[in-house]
Amino acid sequence: MKIGIVTDSLANLGLDELLAFCAEQGIDSVEFAIGNWSNSPHLDAAGLLESQSKRQELKSKLHHHGLTISAFNANGNSMHPTDGERQDAIVRQAIRLSEHFDVPRVNLMSGLPAGAAGDSMPNWVTAAWPPETHRMLDYQWNEVAIPYWRELVSYANDHGIHQLCLEMHGNQLVYNMPSFLRLHEAVGDTVGLNFDPSHLFWMGGDPIEIVKRYARHIYHVHAKDTYLHPGNLAHNTRLDHLPMDRFQERSWSYVTLGYGHGESWWRDFCYWLQAGGYQDGVLSIEHEDINLSRREGVIRSVALLRNCMPTETPDFELPS
């Protein structure tokens, strides 16, 4: 396995500083966030698409530092009822950039439609009652999501991209395995997972059990941890909308690797990823810890992954 990083984790650095720091830390690959929920601090996606010389310049910088691109990231809501068209354009920029840079995948979210035609805000259904929730889900899936994703998969395939990697994320239509499998069944193997255990932690899932059962669907991995605060969980529940900076009051918060789940958990996670065939894959560090600096958080995360992840291909053979 290889260590990567979501470039927004070091948004305080310029591109050259970022690449030099990654090389210094022994990071193997970068995942460039190019828009939507990112302000794209390191790349001008439109400029790269327009200019072969700018693309070549970036390729040269990456080669100089011994880095590759694991993915272009366009996380956002391309099915937003009023802003979806703009966000969808960023997704398609990421697809075209992946084609130009010979990167086989794009990381993104499923998106979340409105609950009904004419609504202006997305609507995340998290319960089976009251009865209108089922009418909302029928509209979201059958009238919006499946037609959108069938067309997007076709567009990606036409550009040579066969891995659209979704984070299962709260406030998205795809947020757990049943919702992922529903979309996958409708549109095929181009849709896989950008598997981020941090979201499953706070939603109550078990990332390792998912890896054991569904590793074939994992096309990319985010390395991010979540701290669960037992006292606050007791009365807030996991559905907590307090602002992220109110760390001490929240039920859960994103933290540096090892500060939510210890090294033994991450060792098990990496072990089962390897068992499932993710032997040459990237673990892309995503730093969103408000209590540690970006630099310290990344350094500590790199150190933990080095202690936990397999780095060689298994070669054990039973005696004949």
Side-chain angles (χ1 to χ4, degrees), residues 6-8 31-41 43-46 48-49 71-100 103-126 136-176 179-196 199 217 219-220 222 284 286:
V6 181
T7 54
D8 274 16
E31 176 186 346
F32 282 117
I34 68 157
N36 288 335
W37 293 341
S38 167
N39 63 6
S40 191
L43 295 186
D44 171 13
L48 285 170
L49 287 170
F72 288 100
N73 185 309
N75 279 353
N77 185 2
S78 53
M79 294 192 293
H80 192 289
T82 60
D83 194 41
E85 186 175 349
R86 181 192 64 81
Q87 296 195 50
D88 173 70
I90 303 297
V91 170
R92 291 167 198 265
Q93 283 186 333
I95 289 169
R96 298 198 305 276
L97 281 174
S98 295
E99 181 182 26
H100 281 299
V103 176
R105 67 188 61 84
V106 168
N107 291 345
L108 69 167
M109 300 287 179
S110 67
L112 181 65
D119 291 356
S120 62
M121 296 295 287
N123 201 319
W124 186 32
V125 177
T126 60
M136 292 161 61
L137 286 169
D138 180 71
Y139 168 78
Q140 289 178 318
W141 279 100
N142 295 318
E143 296 190 41
V144 182
I146 290 174
Y148 170 80
W149 273 94
R150 282 177 174 161
E151 192 280 326
L152 186 66
V153 163
S154 177
Y155 181 87
N157 292 168
D158 287 345
H159 287 272
I161 305 305
H162 297 278
Q163 294 185 2
L164 297 178
C165 313
L166 305 185
E167 282 190 58
M168 296 187 289
H169 196 296
N171 247 358
Q172 295 290 295
L173 196 61
V174 170
Y175 65 93
N176 60 9
S179 53
F180 167 77
L181 292 171
R182 181 173 181 176
L183 184 62
H184 178 270
E185 182 179 355
V187 303
D189 285 337
T190 295
V191 168
L193 293 173
N194 176 25
F195 193 68
D196 186 329
H199 309 306
H217 294 306
Y219 297 167
H220 193 267
H222 271 184
S284 190
E286 187 175 24

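Side chains are part of it too, since the values below use all heavy atoms of this structure and drop only hydrogens, waters and symmetry mates.
- Annotation for Met109 and Gly76: closest pair CB-O, 3.3 Å, computed over non-hydrogen atoms.
- Listed by chain and residue number, Ile95, Arg96, Glu99, Tyr155 satisfy the side-chain contact (heavy atoms from CB on, under 4.5 Å) test with His159 (two or more places apart in sequence, or in another chain).
- In plain terms, the two heavy atoms of Cys165 and Arg105 that are nearest each other are SG-CB, 3.8 Å.
- Considering every non-hydrogen atom in both Ala45 and Leu97, the closest pair reads CB-CD1, 3.9 Å.
- Between Glu167 and Asn107, the closest side-chain pair of non-hydrogen atoms is not below 4.5 Å.
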Please report, to 0.1 Å, the donor-acceptor pairs under 3.5 Å made by any side chain of residues 186-194, with sequence neighbours excluded.
from, atom 1, to, atom 2, distance (Å)
Asp189, OD1, His184, NE2, 2.7
Thr190, OG1, Asn157, ND2, 3.2
Asn194, OD1, His220, ND1, 2.9
Asn194, ND2, His222, NE2, 3.3

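- With a 4.5 Å cut-off on side-chain heavy atoms, His199 and Met168 do not count as touching.
- The side-chain heavy atoms of Pro41 and Thr7, taken from C-beta on, include no pair separated by under 4.5 Å.
- Using modelled atom types, one finds no donor on one side chain facing an acceptor on the other under 3.5 Å when comparing His80 with Gln87.
- Taken to the nearest 0.5 Å, the CG atom of Leu181 stands 5.5 Å off from the NE2 atom of His217.
- Pro122 has its side chain within reach of Pro81: a pair of non-hydrogen atoms, C-beta onward, lies under 4.5 Å apart.
- Interatomic distance, Glu286 CD to Asp8 CG, rounded to the nearest 0.5 Å: 8.0 Å.
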Check against side-chain contact (heavy atoms from CB on, under 4.5 Å), Leu183 and Leu166: CA-CA 11 Å; Leu183 184 62; Leu166 305 185; 3.6 Å; yes
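- Of all heavy-atom pairs between Asn73 and Asn75, the closest is OD1-N, 2.8 Å.
- Side-chain atoms of Ile34 and Ser38, non-hydrogen and from C-beta on, never get closer than 4.5 Å to each other.
- Here side chain to side chain donor-acceptor pair (under 3.5 Å) pairs that include residues 112-123, with residues two or more places apart or in two chains, number zero.
- Proximity of Trp149 to Leu164: side-chain heavy atoms (C-beta onward) are separated by under 4.5 Å at one or more points.
- Here the shortest heavy-atom pairing between Ser78 and Tyr148 reads OG-OH, 3.0 Å.
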Val153 and Arg150: CA distance, side-chain angles, deciding distance, side-chain contact (heavy atoms from CB on, under 4.5 Å) verdict: CA-CA 5 Å; Val153 163; Arg150 282 177 174 161; 6.0 Å; no
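- Summarising the geometry, atom CD belonging to Glu31 is positioned 4.0 Å from atom OG belonging to Ser284; distances are rounded to the nearest 0.5 Å.
- How far CD of Gln172 is from CG of Leu112: 6.0 Å, rounded to the nearest 0.5 Å.
- Note: Asn77 CG to His169 NE2 = 11.5 Å, rounded to the nearest 0.5 Å.
- Using a 4.5 Å cut-off on side-chain heavy atoms (C-beta onward), Trp141 and Ser179 make contact.
- Interatomic distance, Leu108 CG to Trp37 CH2, rounded to the nearest 0.5 Å: 10.0 Å.
- The side-chain heavy atoms of Asp88 and Leu152, taken from C-beta on, include a pair separated by under 4.5 Å.
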